[in-house]
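Values below: every heavy atom of this structure, side chains too, minus hydrogens, waters and symmetry copies.
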Amino acid sequence: MLQFNARETLQEYRAVWEKSSKLETRKILVCGGTGCIAGGSLQIYDRLKELLEENCIDIQLDLTEEPHKDVVGLKRSGCHGFCEMGPLIRIEPQGWLYTKCSLSDCEEIVRETILGGRCIERLAYKQNEQVYEKQEDIPFYKKQTRLVLEHCGHINAYSIKDYIAAGGFTALEKALFDMTPDEITKEVTASDLRGRGGAGFPAGRKWDAARKQKEFPKYIICNGDEGDPGAFMDRSVMEGDPFRLLEGMIIAGIAVGAAGGYIYVRAEYPVAVSRLKNAIDECNQYGILGDQILGSNVSFHIHINRGAGAFVCGEGSALIASIEGQRGMPRVKPPRMAEKGLFGKPTVLNNVETLANVPAIIERGSKWYRSFGTENSPGTKAFALTGNINNTGLIEVPMGTTLREIIFDIGGGMRGGKKFKAVQIGGPSGGCLTEKDLDLPLDFDSLKKAGAMIGSGGLVVMDEDTCMVETARFFMHFTHEESCGKCVPCREGTKRMYEILERIVDGQGHDGDIELLEDLADTVKNCSLCGLGQSAPNPVLSTIKNFRDEYEAHIYQKRCPTGKCVKLRHYVIDPSLCRGCSKCARNCPQGAIHGEIKKPFVIDQEKCIRCGACMLNCNFQAVRIEV
């Protein structure tokens with residue numbers, strides 16, 4: 001088994017595998033992200049392999065030490081990002097991107113593209129009658145700046161050889177042989193890399209505090225417990241570029257003097273767990289993990305811990321308790337984690353995206369990194385763009401990019417021509433931003449002033465038909481269900497807030513509910529033990545601030561302005577459209593509809609239970625919801 005027992009050995013094989021990669025006259029990169037896998041991308045990969053072999057085309061599934069010319073590289077890559085259009089296939093060197101691929105397309109791809117060298121126009125992305133053959137020309141990608149995601153969709157996510165050929169572990173070499181731990185920490189500090197998990201705490205300060213501790217052993221923990229609804233940034237990095245994450249962790253270990261690390265990843269991410277295990281095994285086999293890395297005196301071991309899906313385990317001290325085999329519950333601080341963390345020892349805890357930024361910072365320097373983003377929030381941020389928007393998926397943009405650019409340029413605007421209403425940023429811990437905030441730069445400081453936070457990076461876009469009271473109820477239900485129950489303000493406060501919101505959307509709200517919600521939110525925010533409880537009221541407070549009129553309509557008028565709250569719906573029959581067929585009356589379970597045949601029918605609002613059977617059964621669209 002080949003092992004890199006010296007820096008020179010790694011450099012030698014990097015050159016060999018780089019040559020092997022360049023000799024692939026054409027590359028087929030089949031998206032292996034979870035979204036595309038659900039759409040059948042792995043079956044597409046298998047079928048393409050089968051067809052290439054049938055056509056006697058020389059294929060290369062992994063880079064070799066004996067490269068030869070005129071070979072087609074077939075790879076399972078990570079997430080390409082454009083999840084709305086999956087399954088996706090990228091063809092290199094042309095940079096063509098095929099969208100919404102299926103098994104039935106495989107024969108044509110081999111015949112037209114691999115043998116014929118032609119782009120299949122019907123599989124290319126189309127927008128406003130324009131066809132975009134190249135991935136980088138598609139508006140969804142054009143305004144992105146991919147630093148953390150630069151390899152996702154471009155290399156074989158299963159192969160350490162592909163990662164090394166693409167320049168992987170160059171930063172590790174530099175950290176091991178050209179820099180001292182103090183210099184590494186200072187470089188990360190100078191970059192002003194801030195934690196991408198939510199709070200935005202400077203990573204360099206964490207590392208420096210742990211490095212100065214005299215007690216050993218020390219630990220590096222990667223927080224991959226991505227619990228926000230609609231967020232999948234960390235998952236995509238773990239699935240698409242696992243070696244980059246490992247490289248960042250090893251460099252962090254060198255900087256603080258840690259000999260081991262843990263990746264805490266939720267068990268609901270089986271693909272991420274599988275690829276991380278594969279990456280760790282390959283790194284151990286090649287001497288990049290384990291004892292005496294690359295022949296140096298540095299040793300580092302990485303273990304995977306699978307969480308059971310508790311949202312609270314995204315909080316640092318609760319996560320540590322879970323790794324230690326205890327119930328995942330937060331503890332009071334101080335002492336800080338840098339002093340007493342895992343097993344009571346000095347610990348650095350960073351999330352996936354933070355650690356994935358580290359190799360590029362060490363390789364290219366802090367000055368290069370600070371050329372992206374804003375002065376106080378340098379670099380880029382990955383976001384999961386979801387909701388009522390045309391283009392959903394995984395994006396990465398420089399810090400300071402505005403909401404307008406993300407929603408209307410990258411996201412392609414609102415679905416169905418609807419009007420933009422709001423965006424929930426940062427998941428259950430974040431806040432709601434509205435049309436007045438569209439030109440707000442997305443960075444840590446600007447969002448804090450606006451009463452929101454980046455959080456882990458979820459962006460849920462909502463259109464004019466979205467009920468903001470129901471949105472607040474949904475997030476409060478989530479945080480109430482996920483509360484660990486340790487402290488009274490969070491355990492009881494979120495429950496009472498949820499109960500009030502439930503009453504309001506059920507048409508049982510009464511005068512004083514808004515003020516009571518605000519009082520409870522203040523108590524929960526200021527008295528909860530951990531950051532998750534302290535941020536739990538944010539969606540409620542921000543929706544009250546921006547959409548107080550909707551709350552008042554629910555409470556005082558017993559009306560949902562959007563018609564989304566089922567128990568506040570008022571079904572009416574338009575007499576100009578009603579043919580008097582009586583189908584609505586015959587299907588009403590309460591007998592709330594009456595009238596004469598061939599004359600307009602009427603709904604008795606006192607008897608109506610808002611089930612919607614009348615609307616469902618009307619053949620003439622005469623029944624509508626009156627808002």
Side-chain angles (χ1 to χ4, degrees), residues 20-64 67-138 140-141 151-159 161-162 236 239-240 271 274-275 391-394:
S20 179
S21 178
K22 287 178 178 176
L23 287 174
E24 291 176 336
T25 54
R26 191 164 283 120
K27 293 183 176 71
I28 308 172
L29 294 144
V30 181
C31 179
T34 294
C36 285
I37 288 176
S41 65
L42 295 186
Q43 288 80 8
I44 291 171
Y45 172 90
D46 291 338
R47 180 58 178 152
L48 285 171
K49 179 176 178 289
E50 185 179 293
L51 288 167
L52 290 168
E53 289 171 345
E54 285 177 6
N55 283 273
C56 299
I57 297 170
D58 195 4
I59 58 173
Q60 183 168 262
L61 303 179
D62 199 3
L63 302 180
T64 66
H68 52 281
K69 294 181 180 180
D70 301 325
V71 64
V72 173
L74 179 62
K75 305 171 188 296
R76 289 170 293 177
S77 72
C79 177
H80 291 67
F82 207 176
C83 306
E84 179 82 8
M85 292 289 126
L88 297 159
I89 298 175
R90 179 181 168 92
I91 307 295
E92 293 183 350
Q94 292 89 347
W96 296 333
L97 185 70
Y98 291 161
T99 61
K100 296 188 176 181
C101 299
S102 65
L103 272 175
S104 60
D105 297 321
C106 293
E107 287 85 350
E108 189 176 0
I109 290 172
V110 172
R111 183 180 66 252
E112 296 294 321
T113 300
I114 305 306
L115 293 173
R118 293 179 292 274
C119 180
I120 304 170
E121 188 174 299
R122 69 175 185 83
L123 293 177
Y125 177 71
K126 300 172 188 66
Q127 182 176 306
N128 300 326
E129 304 303 318
Q130 184 173 350
V131 177
Y132 296 89
E133 293 183 350
K134 291 192 175 183
Q135 179 174 341
E136 285 69 24
D137 293 337
I138 298 172
F140 178 80
Y141 292 101
H151 292 146
C152 288
H154 292 271
I155 65 171
N156 184 348
Y158 292 82
S159 171
K161 297 177 182 179
D162 256 44
S236 296
E239 290 177 358
V271 177
S274 171
R275 292 189 191 166
N391 302 331
T392 60
L394 181 70

### Query
What class does the angle between the rings of Phe82 and Tyr141 fall in, given that below 30° is parallel, 30 to 60° is tilted and above 60° is perpendicular?
perpendicular

### Task
For the residue pair Thr113 and Gln94, establish whether any side-chain heavy-atom pair is separated by less than 4.5 Å.
no

### Query
Roughly how far apart are Leu97 CG and Phe140 CZ, rounded to 0.5 Å?
10.5 Å

### Query
Considering all heavy atoms of both residues, which atom of Ala157 and which atom of Glu239 are nearest to each other, and what is their separation?
CB-O, 3.4 Å

### Task
Spell out, as yes or no, whether a donor-acceptor pair under 3.5 Å connects the side chain of Lys161 to the backbone of Asn156.
no

### Query
So, do Lys27 and His154 sit near enough that their side-chain heavy atoms are less than 4.5 Å apart?
no

### Query
In terms of side-chain geometry, is the basic nitrogen of Arg122 or Asp105 positioned less than 4.0 Å from the acidic oxygen of its partner?
yes

## Note on the structure
d(Glu53 CD, Asp58 CG) to nearest 0.5 Å is 10.5 Å

### Message
Would Leu88 and Gln135 count as a side chain to side chain contact (heavy atoms under 4.5 Å, CB included) here? Give the steps.
### Response
CA-CA 11 Å; Leu88 297 159; Gln135 179 174 341; over 6 Å; no

### Task
Apply the side chain to side chain contact (heavy atoms under 4.5 Å, CB included) test between Ser77 and each candidate in Ile89, Leu29, Ile155; give the one that qualifies.
Leu29

### Query
Quick one: CD on Gln60 to CG on Leu52, what's the gap to the nearest 0.5 Å?
13.0 Å

### Message
How long is the straight-line distance from CG of Asn391 back to CD of Gln127, given to the nearest 0.5 Å?
### Response
6.0 Å

### Query
Minimum heavy-atom separation for Leu394 to Cys83, with atom names?
N-SG, 4.3 Å

